[in-house]
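Note sheet for the following structure.
Order of listing sets the numbers, starting from 1, for every ligand and every atom in it. Computed from heavy atoms alone, side chains included, the values below leave out hydrogens, waters and symmetry copies.
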Amino acid sequence: MNEHIITLHDHERAAQSALGEAAWAYFSGGAADELTLHRNIKAWQSRGLAPRVLQDLRGGHTRCTLLGREWPMPLLVAPMAYQRWAHHHGESGMAMAAAAQGCGIVLSHQTSTPLQDVASTFLQDQDSGPLWFQMYWQSDRSRVQALLSDVEDAGYQAIVLTVDAPVHGVRDRERRHGMPLPEGVRAVHWPEPTTANGPGLCAGLADTAPRWDDVQWLITQTRLPVLLKGITHPQDARQALQIGTAGVIVSNHGGRVLDTLPATAELLPRVVESVRQEREDALVLVDGGIRRGTDLFKALALGADAALVGRPALYGLAHAGARGVAHVLRLLRDEFEATLALTGCANVKDIAMDRLWPLEPLAQTKPTFLTAA
Ligand SMILES: Cc1cc2nc3c(=O)[nH]c(=O)nc-3n(C[C@H](O)[C@H](O)[C@H](O)COP(=O)(O)O)c2cc1C
């Protein structure tokens with residue numbers, strides 16, 4: 001790999017050169033004017049850190065606890081479809097790299113590699129992070145049951161049901177270029193696309209969208225914990241917990257589905273508040289726009305238990321295969337460790353809101369938490 005690649009932004013540029021136009025449009029693109037896509041990134045950048053000096057950092061580490069188990073890092077790779085289109089290493093390369101860096105993965109329902117192969121690659125590494133499986137709802141319940149049983153047998157530890165994309169987002173760049181998947185690359189666990197041309201929204205496709213009672217049913221069909229991905233509204237977060245999910249992932253799908261949503265960094269505190277009122281031990285994860293170790297730190301400071309990184313991992317994969325992904329995750333890990341040390345946090349439990357300045361411009365802010373400390 002090129003020695004000049006030292007940031008996630010460098011990986012992005014290298015990926016653009018490596019990918020054809022259509023693949024680049026698919027992997028990097030967002031919905032409509034891509035305002036949410038960019039707002040996700042800017043929102044993390046605009047939060048100011050409030051480091052404390054001279055803290056005791058001895059014995060520090062990045063370990064975290066998710067769903068009752070301890071893991072090396074509070075970072076997972078987000079579910080992303082068709083990774084073999086980005087590079088022939090595909091989802092297996094992604095899994096190998098994430099495991100080697102102590103990170104988790106959430107495998108997409110639209111994986112282009114069988115879920116069993118990805119799991120066996122990932123689980124070979126004893127020091128890996130969590131292994132979760134992402135599902136889209138399918139109206140044929142027997143298909144859902146069959147998939148759940150395959151996922152459980154393969155060793156996945158949680159189900160992530162994505163609920164923010166019952167129909168396809170309006171992605172202009174993708175529409176311009178189409179999706180010319182290379183020969184042999186397909187979503188191996190995905191049924192043939194249904195050609196909808198009925199009445200109802202989106203030619204009838206919206207009629208098959210999951211509802212709350214479907215999620216309730218899903219929870220009864222698996223022994224694995226279920227999380228909902230694509231939660232942005234505090235009331236939806238509350239409802240998710242009331243029906244028995246293990247937690248939520250605050251996500252706007254990386255700005256790929258509905259444009260002009262606020263950034264996840266802006267939405268996260270409200271969702272966290274609502275979740276903690278409902279159930280103190282429920283999980284809250286977040287994704288969208290994480291590009292630096294400081295972003296990951298801020299996600300935890302705003303109350304997330306862990307975060308997911310999407311496109312940058314794909315960019316690493318696209319231009320350098322598994323090695324590229326490993327480098328992307330290593331960079332995030334090193335930056336995160338440096339941020340811990342430089343803000344005076346010995347471990348993730350020390351990361352709290354008091355390590356961020358309030359949102360308002362500093363000039364207008366009374367630093368009340370300083371006087372309280
Ligand atoms: C190319 C691509 C494919 C994606 N495929 C899926 C998917 O299959 N399922 C899903 O829940 N989210 C999918 N997502 C959304 C990601 O899981 C995640 O929410 C988003 O990428 C996070 O934002 P970031 O890319 O800015 O880190 C996809 C994202 C990208 C970029």
Pairwise side-chain contact, R333 with L329, heavy-atom cut-off 4.5 Å (strictly under): no

If we check side-chain hydrogen bond (donor to acceptor under 3.5 Å, both in side chains) with T113, which of these qualifies: E91, H189, H89, Q83? E91

With the threshold set at 4.0 Å, does a side-chain nitrogen-carboxylate oxygen contact exist between D334 and R330? yes

Write 'none' if nothing qualifies; otherwise put on separate lines each N/O atom of ligand 1 with a protein N/O atom under 3.5 Å away and their distance to 0.1 Å.
residue: ligand 1; atom: 5 (N); partner: A81; partner atom: N; Å: 3.2
residue: ligand 1; atom: 8 (O); partner: S108; partner atom: OG; Å: 2.7
residue: ligand 1; atom: 9 (N); partner: Q134; partner atom: OE1; Å: 3.1
residue: ligand 1; atom: 9 (N); partner: Y136; partner atom: OH; Å: 2.9
residue: ligand 1; atom: 11 (O); partner: T162; partner atom: OG1; Å: 2.7
residue: ligand 1; atom: 11 (O); partner: K229; partner atom: NZ; Å: 3.0
residue: ligand 1; atom: 12 (N); partner: P79; partner atom: O; Å: 3.4
residue: ligand 1; atom: 12 (N); partner: K229; partner atom: NZ; Å: 3.0
residue: ligand 1; atom: 12 (N); partner: H253; partner atom: NE2; Å: 3.3
residue: ligand 1; atom: 14 (N); partner: P79; partner atom: O; Å: 3.2
residue: ligand 1; atom: 17 (O); partner: P79; partner atom: O; Å: 2.7
residue: ligand 1; atom: 17 (O); partner: K229; partner atom: NZ; Å: 3.0
residue: ligand 1; atom: 19 (O); partner: K229; partner atom: NZ; Å: 3.1
residue: ligand 1; atom: 19 (O); partner: S251; partner atom: OG; Å: 3.3
residue: ligand 1; atom: 19 (O); partner: D287; partner atom: OD1; Å: 3.4
residue: ligand 1; atom: 19 (O); partner: D287; partner atom: OD2; Å: 2.7
residue: ligand 1; atom: 25 (O); partner: R311; partner atom: N; Å: 2.9
residue: ligand 1; atom: 25 (O); partner: R311; partner atom: NH1; Å: 2.9
residue: ligand 1; atom: 26 (O); partner: G289; partner atom: N; Å: 2.9
residue: ligand 1; atom: 26 (O); partner: R291; partner atom: NH1; Å: 3.3
residue: ligand 1; atom: 26 (O); partner: R291; partner atom: NH2; Å: 2.8
residue: ligand 1; atom: 26 (O); partner: R311; partner atom: NH1; Å: 3.3
residue: ligand 1; atom: 27 (O); partner: R291; partner atom: NH1; Å: 3.3
residue: ligand 1; atom: 27 (O); partner: G310; partner atom: N; Å: 2.9

What orientation do Y26 and Y82 show, parallel under 30°, tilted 30 to 60°, or perpendicular over 60°? perpendicular

Are Q221 and Q145 close enough that a side-chain donor and a side-chain acceptor fall under 3.5 Å? yes

R13/D10 ion pair, N-O < 4.0 Å: yes

